[in-house]
Amino acid sequence: MSDKPDSKDINNNLSHADEIIEEIISELPLKERVAIANMNKGDIEILKNVFNKYVSGKTDTEADDSECTDMMNNLWSKLQKTHRLRVVK
């Protein structure tokens with residue numbers, strides 16, 4: 001037996017994290033999605049504690065800091081792709 005995590009477990013964790021991120025995005029008002037998308041990397045760190053509490057409430061477990069940071073960065077990245085203000089010509 002190896003100490004490596006099973007690929008099914010990794011995919012399950014990723015899909016669960018993606019589900020949480022998609023749920024958060026769908027629940028956020030447009031104004032908040034745009035505000036998060038236009039934040040810089042340092043500002044995102046401020047939201048980490050709030051995000052951790054939200055994830056803990058959804059999963060009934062305490063998420064560790066690295067998981068929370070990864071999920072917050074994923075959320076920010078997705079919102080930057082879809083909700084960032086751009087100049088339209």
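Because the structure is predicted, anything quoted here is derived from the model rather than measured.
Minimum interatomic distance between His83 and Asn38 (heavy atoms only, all atoms of both residues): O-ND2, 4.0 Å. Minimum interatomic distance between Ile25 and Arg33 (heavy atoms only, all atoms of both residues): O-CD, 3.4 Å.
We find the CD-CG distance between Gln80 and Leu75 to be 10.5 Å, quoted to the nearest 0.5 Å. With rounding to the nearest 0.5 Å, the separation of CG in Asp18 from CG in Asn74 is 6.5 Å. Atom CG of residue Leu28 and atom CG of residue Leu79 lie 7.0 Å apart, to the nearest 0.5 angstrom.
Residues that satisfy the side chain to side chain contact (heavy atoms under 4.5 Å, CB included) test with Asp70, not counting sequence neighbours, are absent from this structure. In this view, Glu32 satisfies the salt bridge (charged side-chain N to carboxylate O under 4.0 Å, His left out) rule with no residue, not counting sequence neighbours. Considering only residues two or more places apart in sequence or on other chains, Ile46 meets the side chain to side chain contact (heavy atoms under 4.5 Å, CB included) condition with Asp43. For Glu22, the side chain to side chain donor-acceptor pair (under 3.5 Å) criterion is met by Lys78, not counting sequence neighbours. Remark: Lys41 pairs with Asn73, Trp76 by the side chain to side chain contact (heavy atoms under 4.5 Å, CB included) rule, at least two apart or across chains.
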One pair to check against side-chain contact (heavy atoms from CB on, under 4.5 Å): Ile24 and Met71. What are the steps and the verdict?
CA-CA 11 Å; Ile24 291 169; Met71 288 175 63; 5.9 Å; no
